[in-house]
Amino acid sequence: MRKIDMPPEAEYIINKLESKGFKSYIVGGCVRDSIMGIKPHDYDITTSAKPEDVKKIFSHTFDTGIKHGTVTVVINKKNYEVTTFRIDGDYEDFRHPKGVSFTSDINKDLLRRDFTMNAIAYNTKEGYIDIFGGIDDIKNKIIRGVGSPEERFREDALRMLRAVRFSAQTDFEIETETKKALIDNVYLIKNISAERIRDELIKLLVSGNLKKIPLLWETGLLEQISKRLYDSIKNNENMIALQLNMCDKKIPALFAILTQFIAPKDIKDELYFYKFDNKTLEQIICINSIINKNVLSDDYNVRLMASNIGVDNAYIFYSVKMAMGDKNADEAKNILYKIIERNDCIFLKQMKITGKDIISMGIPAGKRVGEILSYLLNIVIRTPEMNDYDVLKNIVIKNFINI
Ligand code: ATP
């Protein structure tokens, strides 16, 4: 097995801990990704040193999850999470261990991890610590629960959704016994918080994996997460998987596709569950309300769409419609790019005439001024060249001022 080329800061932390008599390794996702030839996005370090030792050894640290033994060490302005080897106590509520205890045995720490591919530790001196055969599982493209998958899932039900998400991200198969345990315990996902479910769903959908996204409904997970959503996509699953595969990997677009058969009257209730931020929520609701409209790809209609729902939402709408096979959507998206580049007027604030100008022409301040501005905006959306102060002033004089 090849050596892992880890960042000098991680190597430094490990060497420093070792020089003080502690064991230390990189562990988890970074080892898995390195074996797969993927550049890890971060490097987690595990050590026999207790948090207070870590804080004494390194000059720049801050507490991250001190209860769970995690201290962040800052080297060269980069953050590394250093976690003491730990054993999780009995689990309560199918998610959280009652307590954790520290250990000096790396094997015990690996035992608490979810899948064999995530339970490998590594340092340059000792090489790989791989007591569950994670390297072979990675080579054979298999996701396997550590020890008894049944117990693993009953301890922490989130691991079931993680299994499906990892399967989609890596294109690995979930091993038979692990999959059976998942299906048998699928109802336990109800114990998991909406935010954790949402975050896993996002990673799963972003993977765009046509073959593996269907595990979400085939395992029964989706029906447990939201019966309404599951019922809404029933009989259209293959089409949805294909659209998710085709779509830009943006969260509002992906969720708009997933929830496309949920009626506008129910969409808010459905989306509130996932606790999206307000902007994302508003975007998905907006797309849901127009998802069945055909795209009109002439300049005027694209400007009108952007003016009505905003530029960002218009891009999302066209992305979604492209994924849904609307033949005009690609062209409409290109037209939108050009409209933005040319700075065509689509909003009141871009108009060459203002409310103040209209008032100074003798129209009393009030509702009427707003109506006149909307009238003028409609004209310039149709004909951008008319966005000229004198042209617009003349229109006001001709149509709204009795001479
Ligand atoms: P990614 O960052 O791509 O989501 P990752 O494996 O790094 O992948 P993290 O959630 O950062 O994911 O977890 C780091 C490591 O902690 C995992 O590789 C695994 O060893 C362990 N781990 C994380 N969550 C769980 C869990 N719910 N149950 C058991 N072990 C877990």
Side-chain angles (χ1 to χ4, degrees), residues 4 6-7 10 25-47 64-65 68-70 72 79-98 100 103 106-122 128-135 137-138 143-172 174 178 181-182 185 188-189 191-193 195-209 212 221 249:
I4 294 182
M6 64 175 103
Y25 308 87
I26 53 170
V27 71
C30 62
V31 178
R32 175 197 71 224
D33 287 348
S34 300
I35 295 170
M36 291 173 68
I38 298 168
K39 193 174 173 342
H41 52 80
D42 54 16
Y43 287 79
D44 292 332
I45 293 168
T46 183
T47 180
T64 312
H68 295 105
T70 305
T72 297
N79 293 355
Y80 288 86
E81 285 194 354
V82 178
T83 305
T84 307
F85 298 159
R86 68 170 213 240
I87 302 168
D88 290 340
D90 286 345
Y91 278 73
E92 52 190 0
D93 65 28
F94 302 103
R95 169 73 187 129
H96 300 103
K98 258 187 219 148
V100 302
T103 167
I106 178 65
N107 291 345
K108 293 199 174 127
D109 180 89
L110 295 177
L111 192 63
R112 75 171 170 89
R113 295 176 185 269
D114 47 6
F115 305 109
T116 59
M117 65 178 188
N118 288 341
I120 310 167
Y122 174 90
Y128 293 88
I129 313 285
D130 176 25
I131 49 174
F132 303 111
I135 295 175
D137 281 343
I138 292 173
I143 294 171
R144 186 194 308 271
V146 165
S148 156
E150 172 90 13
E151 278 172 30
R152 289 282 90 85
F153 293 146
R154 293 190 67 78
E155 284 166 354
D156 177 358
L158 183 70
R159 292 169 181 162
M160 298 187 289
L161 199 47
R162 278 171 64 86
V164 170
R165 182 262 283 193
F166 280 124
S167 175
Q169 285 180 324
T170 57
D171 206 30
F172 289 5
I174 302 176
T178 305
L182 194 167
N185 291 286
L188 293 176
I189 197 70
N191 296 287
I192 301 301
S193 76
E195 291 91 331
R196 305 305 302 258
I197 290 178
R198 175 200 63 208
D199 291 347
E200 289 300 323
L201 277 181
I202 289 172
K203 291 180 185 172
L204 172 71
L205 300 182
V206 165
S207 78
N209 190 324
K212 299 294 198 272
L221 273 171
K249 301 301 176 268

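For ligands, and for the atoms within them, numbers begin at 1 and follow the listed sequence.
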What I'd like to find out is whether the side chain of [X] reaches to under 4.5 Å of the side chain of [Y], using heavy atoms alone.
| X | Y | result |
| --- | --- | --- |
| I120 | I138 | yes |
| M117 | F166 | yes |
| L110 | V146 | no |

(Q) Regarding R152 and D114, does a basic nitrogen lie under 4.0 Å from an acidic carboxylate oxygen? (A) no
Q. Are any of the side-chain nitrogens in R144 or D137 under 4.0 Å away from the carboxylate oxygens of its partner?
A. yes
Q: Please work out whether the ring planes of Y43 and Y80 are parallel, tilted or perpendicular, with thresholds of 30° and 60°.
A: tilted
Q: Look at atom 17 (C) of ligand 1 and find which of M117, E155, R162 reaches it with the closest heavy atom.
A: R162
**Q.** Closest to atom 19 (C) of ligand 1 (judged by heavy-atom distance), picking from D114, D156, V146
**A.** D114
Those atoms of ligand 1 less than 4.0 Å from some heavy atom in [X]:
| X | result |
| --- | --- |
| R32 | 3 (O), 5 (P), 6 (O), 8 (O) |
| R165 | 1 (P), 3 (O), 4 (O) |
| G28 | 18 (O) |
| K203 | 4 (O) |
| H41 | 1 (P), 2 (O), 3 (O) |
| R159 | 26 (C), 27 (N), 28 (N), 29 (C) |

Q. How close do I26 and V31 get, heavy atom to heavy atom, and via which atoms?
A. O-CG2, 3.5 Å
[atom] [closest protein heavy-atom partner, distance rounded to 0.1 Å]:
| atom | answer |
| --- | --- |
| atom 7 (O) of ligand 1 | G29 CA, 3.5 Å |
| atom 11 (O) of ligand 1 | D44 OD2, 4.4 Å |
| atom 16 (O) of ligand 1 | R113 NH1, 3.5 Å |

Q: Measure the CG-CD distance between N191 and E92 for me, rounded to the nearest 0.5 Å.
A: 11.5 Å
**Q.** Backbone or side-chain N or O of N118 under 3.5 Å from ligand 1 N or O
**A.** yes
(Q) Below 4.0 Å, non-hydrogen atoms only: which portion of R152 touches ligand 1? Side chain, backbone, both or neither. (A) neither
(Q) Can you confirm whether more than 12 heavy atoms, excluding those of R196, are under 6.0 Å from its CZ atom? (A) no
